[in-house]
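Okay, structure first, notes after.
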Amino acid sequence: MNFSTIVRQHWAALRALLVFTVVLGLAYPLLVWLIAQAPFLSDKANGSIVDANGQAVGSSLIGQNYTDADGNPLPQYFQGRPSAAGDGYDPMATSASNLGPESLVDAPDKPSLLTLVCSRSAEVGERDGVSGARPFCTGEGVGAVLSVIGPRDSRGNVVDPARVVSVNEPCDTTPAPFVETYDGVRVECAESGDDYSIGQLVPIRGAAPADPAVPADAVTASASGLDPDISPQYAELQVDRVAAARGESPDQVRALVAEHTEGRGLGFLGEPRVNVLELNLALDRQGG
């Protein structure tokens with residue numbers, strides 16, 4: 001291949017690069033941006049920013065915390081779902097907790113998913129004046145899980161327990177296990193630092209109702225960690241507390257919740273939901 005052929009090929013490649021750079025790197029993004037600025041699209045394209053008194057206070061697509069400087073929930077505001085994204089609702093760290101149904105035993109520095117659900121349910125119940133009891137949770141707000149140690153049958157089930165330990169209740173923080181005996185064996189509370197993985201893990205259902213007063217979205221984070229909405233059931237649970245904190249009647253607050261409740265998309269997709277930011281702003285506009 002002679003020198004002139006090499007020059008022609010490189011010149012053709014350079015021209016193709018320039019053409020595609022202009023078309024795909026400049027013209028196409030500009031066209032998409034112009035379309036996105038159409039009146040019916042611009043709000044979503046620009047982040048669905050919500051303004052209050054001329055100042056941006058958040059996005060209707062991203063949840064946020066309604067807490068004081070110490071991280072305590074403000075009683076005059078509706079609270080959103082828990083978040084596992086960074087320190088909470090961080091778009092740069094959007095994620096779930098990656099804990100699944102088999103996350104039953106607490107680690108020294110990381111609670112199990114079961115204990116997270118139990119502790120959140122207890123906190124919400126105390127804050128909003130309802131029972132925070134849930135199946136498989138102790139009264140102390142941790143996972144009700146036993147490690148049953150003893151010989152096993154061919155299926156791996158312990159047939160003659162020799163020792164039973166409440167694995168999520170350390171003896172230095174809990175005076176007694178949540179149950180006294182299991183299969184005739186006295187239940188011990190766990191000793192900090194001891195390993196009970198040799199035993200068979202047995203979650204204990206307890207006497208809590210199958211339909212807890214605290215709904216699921218109050219105790220579980222969304223997959224993104226950014227969910228801005230709560231269920232109407234969780235909103236209803238908070239009405240009395242918000243009304244009392246604002247000196248308003250529950251019916252006034254309940255009416256605002258109804259105004260900000262959206263139905264299923266297209267009538268059949270998803271579940272009814274309440275946008276927490278927009279509801280809280282409506283409360284501030286109403287006063288109290």
Side-chain angles (χ1 to χ4, degrees), residues 1-67 71 78-103 110 113 116 216-217 219-232 234 259-282 284-285:
M1 183 180 295
N2 56 41
F3 181 75
S4 61
T5 300
I6 295 175
V7 171
R8 286 197 306 273
Q9 290 178 343
H10 281 76
W11 175 236
L14 179 60
R15 284 181 295 173
L17 174 63
L18 293 173
V19 168
F20 283 114
T21 298
V22 172
V23 173
L24 301 179
L26 298 175
Y28 178 71
L30 179 61
L31 175 63
V32 171
W33 180 81
L34 289 173
I35 294 173
Q37 296 310 305
F40 58 92
L41 291 176
S42 59
D43 177 64
K44 292 181 173 59
N46 294 327
S48 299
I49 301 300
V50 177
D51 293 327
N53 300 321
Q55 183 176 4
V57 294
S59 167
S60 63
L61 301 178
I62 299 176
Q64 56 182 282
N65 292 311
Y66 302 92
T67 55
F78 283 85
Q79 299 297 315
R81 293 188 69 173
S83 172
D87 292 330
Y89 308 104
D90 182 357
M92 302 302 293
T94 173
S95 68
S97 66
N98 292 327
L99 299 177
E102 294 184 358
S103 177
K110 186 175 183 180
L113 177 60
L116 281 175
D217 62 306
V219 298
T220 55
S222 65
S224 67
L226 307 179
D227 193 347
D229 303 321
I230 58 176
S231 66
Y234 188 24
E259 289 177 15
H260 290 82
T261 299
E262 300 180 34
R264 293 179 172 88
L266 301 178
F268 68 94
L269 295 175
E271 295 292 334
R273 60 199 184 279
V274 180
N275 188 278
V276 182
L277 173 59
E278 294 176 352
L279 175 58
N280 283 334
L281 289 176
D284 285 343
R285 288 193 295 268

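Side-chain atoms of Asp90 come within 3.5 Å of backbone atoms of Met92 as a donor-acceptor pair (strictly under, hydrogens ignored). Under the 3.5 Å distance criterion, the side-chain polar atoms of Ser83 are left unmatched by any main-chain donor or acceptor of Gly88. Checked by atom type and distance alone, the side chain of Gln79 pairs as donor or acceptor with a backbone atom of Tyr66 at under 3.5 Å.
Across every non-hydrogen atom of Asn280 and Phe78, the tightest pair is OD1-N, 2.9 Å. In this structure, Ser95 and Ala84 approach most closely via the heavy-atom pair OG-O, 3.5 Å. Taking every heavy atom of both residues into account, Glu278 and Asn275 meet most closely at N-OD1, 3.1 Å. Scanning both residues, Ala85 and Gly225, for their nearest heavy atoms gives CB-O, 3.9 Å.
Of the residues Val219, Asp229, Asp227, the one that meets the side-chain contact (heavy atoms from CB on, under 4.5 Å) test with Arg81 is Asp227.
Residue Gln64 holds its CD atom at 12.0 Å from CG of Leu226, rounded to the nearest 0.5 Å. Separating the OG atom in Ser4 from the CD atom in Gln9 is a distance of 10.0 Å, to the nearest 0.5 Å. For the atom pair CG (Leu113) and CG (Asn98), the distance works out to 11.0 Å, reported to the nearest 0.5 Å. Taking CG of Leu116 as the start and OG of Ser103 as the end, the distance is 7.5 Å to the nearest 0.5 Å. Put simply, CG on Leu279 and OG1 on Thr261 are 8.0 Å apart, with the number rounded to the nearest 0.5 Å.
Looking at Ser231 and Asp217, their side chains do bring a donor and an acceptor atom within 3.5 Å of each other.
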Would you give me the side-chain donor-acceptor pairs under 3.5 Å for residues 267-274, sequence neighbours excluded?
from   : atom 1 : to     : atom 2 : distance (Å)
Glu271 : OE1    : Arg264 : NH2    : 3.0
Arg273 : NH1    : Gly263 : O      : 3.0
Arg273 : NH2    : Glu262 : OE1    : 3.0

Extract all donor-acceptor atom pairs below 3.5 Å that involve side chains of residues 14-30 and protein atoms in other chains or at least two apart in sequence.
from  : atom 1 : to    : atom 2 : distance (Å)
Thr21 : OG1    : Leu17 : O      : 2.7

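With contacts defined as side-chain heavy-atom distances shorter than 4.5 Å, the pair Thr94/Ser224 qualifies. Side-chain contact between Pro91 and Ile62 is present, with at least one heavy-atom pair separated by less than 4.5 Å. Leu281 has its side chain within reach of Val50: a pair of non-hydrogen atoms, C-beta onward, lies under 4.5 Å apart.
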